[in-house]
> 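Would you mind keeping the following structure in view while I ask a few things?
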Amino acid sequence: MRWALLALVLAMPAQAQDFVARAVPGAAEMEVSRRGAIDLEIPISQPVPWRVFTLSDPPRLVLDTSEVDWAVLSPDFAPEAVEVLSGRVAPGWTRLVLVLEDPVTVGRAWLATSDPAIRVEAAPGQGPDGPLIQQGWDIPEMAADVATRPRQTGDRPLVIALDPGHGGVDPGAERQGVTEADLMLRFARELAEVLRREGHRVVFTRETDEFVALRGRPAIARAAGADLMISLHADAVAGGGAQGATVYTLADAPVDELSAELAERQGTGDLLLGVDLPEAGDEIAQVLIELARAETAPRSEALSAALVEQIGAAGIDLHKRPRLGANFTVLKAPDIPTVLLELGFMSSNADLANLLSPDWRMRMATAILRGIESWAISDAADALRLRR
């Protein structure tokens with residue numbers, strides 16, 4: 001019974017696996033009066049569920065929609081805005097954010113249906129974070145139309161979720177004209193080819209330079225039926241000094257200053273787009289999630305150990321503490337063994353040179369493959385033992 005209930009808590013709609021734009025925006029216009037009042041009009045190809053609200057610190061006007069490809073919208077439509085941001089905040093749901101110089105309060109908002117366009121009128125002045133105006137808005141927090149994937153027992157190819165860190169408005173670490181987001185997407189594609197050649201199926205949490213909220217990433221993996229997820233990063237740390245590969249698993253609190261610094265950096269994009277990161281509030285749901293984590297956590301630890309062993313065996317430099325714990329949001333999927341792999345640190349000259357080397361990346365990808373397959377054998381044996 002508890003696992004049936006857990007499926008209700010964890011399952012997400014099938015649309016979570018892939019983002020397919022339902023609508024695209026047209027030529028948007030934003031007018032700002034001398035007093036600071038805003039009149040925003042965004043034509044869209046068809047009506048969609050939507051909501052609009054404001055956020056403070058910094059002042060932001062936020063428009064959430066179902067499956068609208070905001071990436072094709074020219075930011076030039078809002079020259080008065082400090083910045084125009086967009087990204088995916090939940091499976092199938094996208095967000096457009098206008099960062100403003102001064103706060104505004106939404107007065108009216110509506111969707112014209114005859115010639116589809118979202119209209120927003122906002123007055124100057126700081127109100128609460130809202131008021132919320134919405135039409136057809138209903139992000140499903142819980143749904144029962146996708147069953148939790150059975151644990152792998154070695155009788156089928158693995159489904160492996162690769163999570164290239166950062167993306168879109170959140171480039172991650174940057175050095176010498178290279179961003180962590182681009183490096184990790186490149187490596188994820190190369191790793192995927194290595195995994196697919198061995199018969200495994202791969203799903204990406206992002207396949208382009210786009211923002212995907214941290215909590216949306218495990219949801220994409222879950223909807224794809226992933227057997228495991230690896231989040232890929234190559235951060236930079238203040239003052240340098242850190243070098244080599246590190247594998248993280250979930251811990252209640254960071255085990256050292258390095259983990260704490262990286263955990264803080266991971267949520268930068270989510271904070272900017274105003275994405276809430278609440279834990280499950282329902283007491284029963286929280287208990288069920290903790291029960292799932294009690295089974296999944298040892299599997300994640302075993303995956304971490306297998307990856308570290310094979311990376312070391314390949315002669316690739318490891319951090320002085322190659323296995324660490326941290327409270328990274330992306331590690332909180334309770335039902336999917338998940339690790340965060342720091343391939344190296346862009347703040348290290350040696351690590352950056354490795355990350356830019358195709359030969360080094362191939363060695364690392366091969367080591368990850370061997371680590372996954374070594375883990376899968378022992379994990380399947382454990383699953384069969386539990387069945388008995």
> Run the side-chain contact (heavy atoms from CB on, under 4.5 Å) test on Asp170 and Glu210 for me, step by step, so that the C-alpha distance in whole Å, both residues' side-chain angles and the decisive distance to 0.1 Å come before the verdict.
CA-CA 9 Å; Asp170 178 16; Glu210 63 172 330; over 6 Å; no

> Got a donor-acceptor contact below 3.5 angstrom from the Ser347 side chain to the Val237 backbone?
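Yes.
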
> Are the side chain of Arg201 and the backbone of Arg196 linked by a donor-acceptor contact shorter than 3.5 Å?
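Checked: no pair found.
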
> Is the ring pair His166/His233 parallel, tilted or perpendicular, if the boundaries are 30 and 60 degrees?
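The rings of His166 and His233 stand perpendicular, inter-plane angle above 60°.
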
> Check whether Trp110 forms a cation-pi arrangement with Arg108 (NZ or CZ under 6.0 Å from the six-membered ring centre, at most 45° off the ring normal).
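Yes, Arg108 and Trp110 form such a contact.
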
> How about Asn349 and Arg175: does a side-chain donor come under 3.5 Å of a side-chain acceptor?
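Yes - a donor-acceptor pair under 3.5 Å links their side chains.
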
> As an exercise, state the distance from CZ of Phe345 to CG of Leu352, rounded to the nearest 0.5 Å.
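One gets 13.0 Å once the value is rounded to the nearest 0.5 Å.
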
> For the CG atom of Leu185 and the CG atom of Leu162, what is their distance to the nearest 0.5 Å?
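Output value for this atom pair is 10.5 Å.
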
> Mind checking whether Gln176 and Met346 have side chains closer than 4.5 Å, heavy atoms only?
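They are not in contact (no side-chain heavy atoms under 4.5 Å apart), so the answer is no.
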
> Quick check for you: to the nearest 0.5 Å, what is the distance between Ile42 atom CD1 and Leu73 atom CG?
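Atom-to-atom, Ile42:CD1 and Leu73:CG are 6.0 Å apart.
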
> Taking Met364 as the fixed residue, which of Leu369, Ile311, Asn354, Leu355 is the one that meets the side-chain contact (heavy atoms from CB on, under 4.5 Å) rule?
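Exactly one option meets the side-chain contact (heavy atoms from CB on, under 4.5 Å) with Met364, and it is Ile311.
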
> What closest approach, in Å, do Ala161 and Ala226 show between heavy atoms, and which atom pair accounts for it?
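Heavy atoms only, the tightest pair is CB-CB, 3.9 Å.
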
> Can you check whether Glu342 reaches His319 side chain to side chain, under 4.5 Å on heavy atoms?
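They are not in side-chain contact.
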
> With the side chain counted from C-beta on, respond yes when Asp102 and Leu100 share a heavy-atom pair under 4.5 Å apart, and no when they do not.
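The answer is no; the side chains never approach within 4.5 Å.
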
> Decide, yes or no, whether a salt bridge links Glu309 with Arg370 under the criterion of side-chain N to carboxylate O below 4.0 Å.
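Salt bridge between Glu309 and Arg370, a charged N being under 4.0 Å from a carboxylate O: no.
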
> Decide yes or no for Ser231 and Phe328: does some side-chain heavy atom of the first lie under 4.5 Å from some side-chain heavy atom of the second?
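No, too far: nothing below the 4.5 Å cut-off.
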
> With distance as the sole test, does Ser66 use its side chain to make a donor-acceptor pair with the main-chain N or O of Val48 at under 3.5 Å?
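No; judged by distance alone, with no hydrogens or angles, the pair does not exist.
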
> Would you check if there is a donor-acceptor pair between the side chains of Thr179 and Asp182 at a distance under 3.5 Å?
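Distance-only check passes for Asp182 and Thr179.
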
> Is the closest basic N to carboxylate O distance between Arg323 and Glu301 below 4.0 Å?
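Yes, charged N to carboxylate O under 4.0 Å.
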
> For side-chain contact (heavy atoms from CB on, under 4.5 Å), just list the numbers for Gln152 and Asp379, CA-CA rounded to whole Å, side-chain angles, deciding distance to a tenth of an Å, and then say yes or no.
CA-CA 8 Å; Gln152 69 92 20; Asp379 184 68; 2.9 Å; yes

> Look only at the side chain of Trp375 and the backbone of Arg299, and say whether a donor-acceptor pair between them is shorter than 3.5 Å.
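Confirmed, Trp375 side chain pairs with Arg299 backbone.
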
> Transitively linked via ILVMFWY side-chain contacts under 4.5 Å: Leu195 with Ile377?
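No; tracing contacts between hydrophobic side chains, which count when under 4.5 Å, never links both residues.
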
> Would you name the heavy atoms of Asp351 and Gly344 that are closest together and state the gap between them?
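That would be OD2-CA, 3.5 Å.
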
> State, yes or no, whether a side-chain contact exists between Leu183 and Val178 at a heavy-atom distance under 4.5 Å.
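Yes, close enough: below the 4.5 Å cut-off.
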
> Would you find a donor on one side and an acceptor on the other, under 3.5 Å apart, between the side chain of Arg119 and the backbone of Leu111?
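Answer holds: no.
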
> If only side-chain N and O atoms count, and only distance matters, is there a donor-acceptor pair under 3.5 Å linking Trp70 with Thr65?
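Looking only at side-chain atoms, Trp70 and Thr65 do form a donor-acceptor pair, the distance falling under 3.5 Å.
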
> Could you check whether any side-chain N or O of Gln126 sits under 3.5 Å from a backbone N or O of Val104, counting only pairs where one atom can act as donor and the other as acceptor?
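Not a single qualifying donor-acceptor pair exists.
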
> Can you name the closest pair of heavy atoms from Ala78 and Val84 and give their distance?
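Taking every non-hydrogen atom into account, CB-CG2, 4.2 Å.
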
> Under a 4.0 Å threshold between the charged nitrogen and the carboxylate oxygen, would Arg156 count as salt-bridged to Asp227?
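A salt bridge is present here (some side-chain N lies under 4.0 Å from a carboxylate O).
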
> Measuring from atom CG of Leu98 to atom OG1 of Thr54, what distance do you get when rounded to the nearest 0.5 angstrom?
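Going from CG on Leu98 over to OG1 on Thr54, the span is 12.0 Å.
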
> Can you find a heavy atom in the side chain of Ile230 that is under 4.5 Å from one in the side chain of Leu232?
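When only atoms from C-beta onward are counted, Leu232 and Ile230 do touch, with a gap below 4.5 Å.
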
> With a 4.5 Å heavy-atom cut-off, do Arg321 and Leu324 have their side chains touching?
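Arg321 vs Leu324: side chains touch.
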
> What are the two closest heavy atoms between Arg222 and Pro334, and how far apart are they?
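Taking Arg222 first and Pro334 second, the nearest heavy atoms are NH2-CD, 3.8 Å.
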
> When rounded to the nearest 0.5 angstrom, what is the spacing between CG in Asn327 and OG1 in Thr329?
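Rounded to the nearest 0.5 Å, the CG-OG1 separation comes to 7.0 Å.
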
> Check step by step if salt bridge (Lys or Arg N to Asp or Glu O under 4.0 Å) holds for Arg151 and Glu295.
CA-CA 11 Å; Arg151 179 169 171 171; Glu295 177 181 325; 3.7 Å; yes

> Show the nearest heavy-atom pair for residues Val247 and Val308, with the distance to one decimal.
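That closest heavy-atom pairing would be CG2-CG2, 3.7 Å.
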
> Say you draw a straight line from CG of Leu331 to CE of Met229; how long is it, rounded to the nearest 0.5 Å?
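Between Leu331 CG and Met229 CE, I get 7.5 Å after rounding to 0.5 Å.
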
> What do the steps show when you test Arg95 against Leu63 for side-chain contact (heavy atoms from CB on, under 4.5 Å), and what is the final call?
CA-CA 6 Å; Arg95 173 165 293 181; Leu63 177 62; over 6 Å; no

> Less than 4.5 Å apart, any side-chain heavy atom of Glu29 and any of Phe77?
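With C-beta onward as the side chain, the pair stays apart.
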
> Val339 and Ser300: which non-hydrogen atoms are nearest, and at how many Å?
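Closest heavy-atom pair between Val339 and Ser300: CG1-O, 3.7 Å.
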
> Do any N or O atoms from the side chain of Ser45 and from the backbone of Val24 form a donor-acceptor pair under 3.5 angstrom?
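Yes, the answer is positive, given that a donor and an acceptor are paired below the 3.5 Å cut-off.
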
> Return yes if some donor-acceptor pair links the side-chain N/O of Glu198 with the main-chain N/O of His200 below 3.5 Å, else return no.
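Looks like no, no N/O pair under 3.5 Å.
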
> Salt-bridged, Asp163 to Arg206, with N to O below 4.0 Å?
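Judged by the 4.0 Å cut-off on N to carboxylate O distance, Asp163 and Arg206 do not form a salt bridge.
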
> Consider only side-chain N and O atoms of Ser357 and Asp359, and report whether a donor and an acceptor are under 3.5 Å apart.
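No, no side-chain donor-acceptor contact under 3.5 Å.
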
> Ignoring hydrogens and geometry, is there a side-chain-to-backbone donor-acceptor pair from Glu180 to Ala173 under 3.5 Å?
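Side chain of Glu180 to backbone of Ala173: a pair is present.
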
